[in-house]
Number of protein chains: 2
Amino acid sequence: MDDETAPQKGTVTQRAIERIKAMIAEGGLEPGQRLPTERDLAAQLGISRSSMREGIRALTVMGVLEARHGSGIYVSRLEAGDLLETFGVVADLSRGPRLVELLEVRRILESTATALAAARITVDQLAEVERHLAAMNATDDPEEILAHDLAFHREIAAAAGNETMAAILEGLSSRTFRARVWRGFQEEGAFARTRREHAAIHRALAAHDPEAARAAAAAHVGEVEEWLRARLGP
Amino acid sequence: MDDETAPQKGTVTQRAIERIKAMIAEGGLEPGQRLPTERDLAAQLGISRSSMREGIRALTVMGVLEARHGSGIYVSRLEAGDLLETFGVVADLSRGPRLVELLEVRRILESTATALAAARITVDQLAEVERHLAAMNATDDPEEILAHDLAFHREIAAAAGNETMAAILEGLSSRTFRARVWRGFQEEGAFARTRREHAAIHRALAAHDPEAARAAAAAHVGEVEEWLRARLGP
DNA sequence: TGCTCCGGGGTGGTCCGACCACTGTGCTGG
DNA sequence: CCAGCACAGTGGTCGGACCACCCCGGAGCA
């Protein structure tokens with residue numbers, strides 16, 4: 001028969017990746033657990049260490065595994081942030097119409113997250129949001145403003161209580177993505193407007209008003225979205 | 001000086017990945033374009049072919065590059081579906097509370113997508129949706145039902161006109177994900193209910209009523225979400 | 001007894017060279 | 001002119017070697 005040696009579908013590396021993923025999905029490998037050596041794994045699957053390393057590297061980049069030099073290979077915590085890190089790559093590599101689509105997705109998620117945050121935010125979290133809001137208004141250094149802008153939204157996403165959503169939004173708002181969209185946007189003087197919108201979001205949060213928060217956040221992201229859409233349109 | 005030979009931050013493979021990503025992001029590499037040979041690329045970056053291969057493999061798995069045996073390495077089309085394929089891995093590997101979070105994200109996106117679809121769907125697309133709805137009601141084979149269920153939602157997502165959102169939803173509804181949640185869910189007899197919900201979604205689409213569509217879709221996903229949440233709760 | 005230091009074994013990271021499998025192309029022969 | 005083939009070039013796989021790093025345990029000291 002041919003059930004032991006013959007399969008041979010796709011590249012050996014691809015098979016190795018599937019095998020490891022399957023092990024984790026089926027519960028054979030727990031988060032944080034240490035895997036066998038590269039050499040042992042390669043021997044187990046009957047492939048060379050080189051091919052096995054390619055597979056491991058791929059899973060490492062995806063955030064599924066974590067290789068510690070001199071120590072061993074471990075299964076990552078498998079939490080949202082780890083796995084969705086690659087999501088940022090999508091934002092970095094998207095152009096043209098795809099950028100508008102990404103912004104639309106962000107608008108939907110960000111407005112919902114802000115609405116959730118309005119209902120659930122604690123006084124401590126609200127204070128942190130206010131801190132970033134104030135810091136953003138106190139400086140004129142674009143770099144610093146952007147940092148506090150990101151932190152502002154990150155804090156809100158965290159307050160929404162859905163780590164997965166927060167991780168996705170983090171990827172959609174990655175440095176490069178934001179920087180690219182911003183450059184040229186704020187130059188048209190739509191800068192004070194951003195501050196007003198942030199203030200509106202904060203007011204809704206402080207008032208624990210989900211609907212107002214949703215509207216404010218949607219308008220905030222939609223602002224950039226519309227500008228970008230118009231810029232690519234004709 | 002040390003700007004040419006010294007850097008040495010992180011692993012060489014990681015640097016190689018960043019270099020290629022940067023080339024694409026900065027427009028030096030167009031979608032579909034062919035890259036230099038593995039051997040040439042390795043020489044250009046001053047690293048071994050093995051390390052370069054690991055980097056290429058990682059980018060291949062992420063859907064950024066596409067390697068054709070005997071032909072060469074090419075930049076992928078860089079469209080939503082290519083890059084967000086790894087999103088399905090997240091769903092496959094998520095467990096426990098994370099599953100509920102993913103379902104919550106899906107509920108938000110799916111309801112919005114369905115609302116958009118209600119406003120934009122064409123007669124041809126609506127006919128396709130009806131076809132899957134009928135096929136799903138005509139059989140009792142779980143496998144076939146699941147296939148038409150997926151196609152039903154996929155068609156709606158496509159009608160929403162946002163490829164990126166459709167790609168994300170595709171990942172969130174991946175075979176494995178759905179299969180795992182479904183197993184044990186339909187056993188509790190919540191099967192006719194699914195058919196009723198699909199019918200409600202279809203009615204809203206046919207009536208071009210976005211708000212009704214949003215509500216129907218949210219209820220549909222929320223059904224599974226609540227069941228799963230209760231199952232993990234106590 | 002307890003601490004510090006250091007040495008070695010084991011691990012991932014990198015490199016090299018060879019060969020295989022497949023593809024594309026240009027040449028050859030009809 | 002076309003069909004078929006041979007060949008050079010490409011990614012895919014392999015095995016081995018060496019390096020850089022981490023961890024642990026034993027030796028030595030206080």
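All of these numbers come straight from a predicted model, not from anything done at the bench.
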Judged by atom type as modelled, is there a donor-acceptor pair below 3.5 Å linking the side chain of [X] to the main-chain atoms of [Y]?
{"X": "Thr37(B)", "Y": "Arg39(B)", "result": "no"}
{"X": "Gln125(A)", "Y": "Thr122(A)", "result": "yes"}
{"X": "Glu101(A)", "Y": "Thr164(B)", "result": "yes"}

Distance, rounded to the nearest Å, where [X] contributes [atom1] and [N] contributes [atom2]:
{"X": "Met52(A)", "N": "dG12(D)", "atom1": "CE", "atom2": "P", "result": "17 Å"}
{"X": "Leu65(A)", "N": "dG12(C)", "atom1": "CG", "atom2": "P", "result": "11 Å"}
{"X": "His69(A)", "N": "dA20(D)", "atom1": "NE2", "atom2": "P", "result": "9 Å"}
{"X": "Gln14(A)", "N": "dG11(D)", "atom1": "CD", "atom2": "C1'", "result": "15 Å"}
{"X": "Leu45(A)", "N": "dG15(D)", "atom1": "CG", "atom2": "P", "result": "13 Å"}
{"X": "Leu41(A)", "N": "dC14(D)", "atom1": "CG", "atom2": "C1'", "result": "17 Å"}
{"X": "Glu54(A)", "N": "dG12(C)", "atom1": "CD", "atom2": "P", "result": "16 Å"}
{"X": "Ile47(A)", "N": "dC20(C)", "atom1": "CD1", "atom2": "P", "result": "20 Å"}

What I want to check is whether an N or O donor and acceptor connect the side chain of Ser71(B) with the base of dC22(C) at under 3.5 Å.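 No, the side chain and the base share no sub-3.5 Å donor-acceptor pair.
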Side-chain donor/acceptor of Arg68(B) to base of dG12(D), under 3.5 Å: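 Flag unset: no donor-acceptor pair detected.
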Would the number of heavy atoms belonging to other residues, nucleotides or ligands and lying under 6.0 Å from CZ of Arg34(A) be above 12?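 Yes, the 6.0 Å shell around CZ holds more than 12 heavy atoms from other groups.
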Scan [X] against the nucleic acid and name what it touches under 4.0 Å (heavy atoms): base, sugar-phosphate only, or nothing.
{"X": "Arg39(B)", "value": "base"}
{"X": "Thr11(B)", "value": "sugar-phosphate"}
{"X": "Ile56(A)", "value": "nothing"}

If you find the nucleotide of DNA chain D closest to Ser50(B) and the one closest to Leu35(B), which residue's nucleotide is nearer the 5' end?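 Its nearest nucleotide being more 5', the pick is Leu35(B).
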Let's see if you can work this out: which of [options] has an atom nearest to the side-chain heavy atoms of [X]?
{"X": "Ala67(B)", "options": "dG11(D), dC15(C), dG13(C)", "answer": "dG11(D)"}
{"X": "Thr37(A)", "options": "dT14(C), dT11(C), dT13(D)", "answer": "dT11(C)"}
{"X": "Ser48(B)", "options": "dA17(D), dC16(C), dT11(C)", "answer": "dC16(C)"}

Is the phosphate of dT13(D), meaning OP1 or OP2, less than 4.0 Å from a side-chain N or O of Arg57(B)?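 The answer is yes; a side-chain N or O of Arg57(B) sits under 4.0 Å from OP1 or OP2.
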Answer yes or no: does a side-chain N or O of Arg53(B) lie under 4.0 Å from OP1 or OP2 of dG12(D)?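 So the side chain of Arg53(B) is within the cut-off, an N or O lying under 4.0 Å from OP1 or OP2 of dG12(D).
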Any chance the side chains of His153(B) and His220(B) put a donor and an acceptor closer than 3.5 Å?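 Side-chain D/A pair, His153(B) to His220(B): present.
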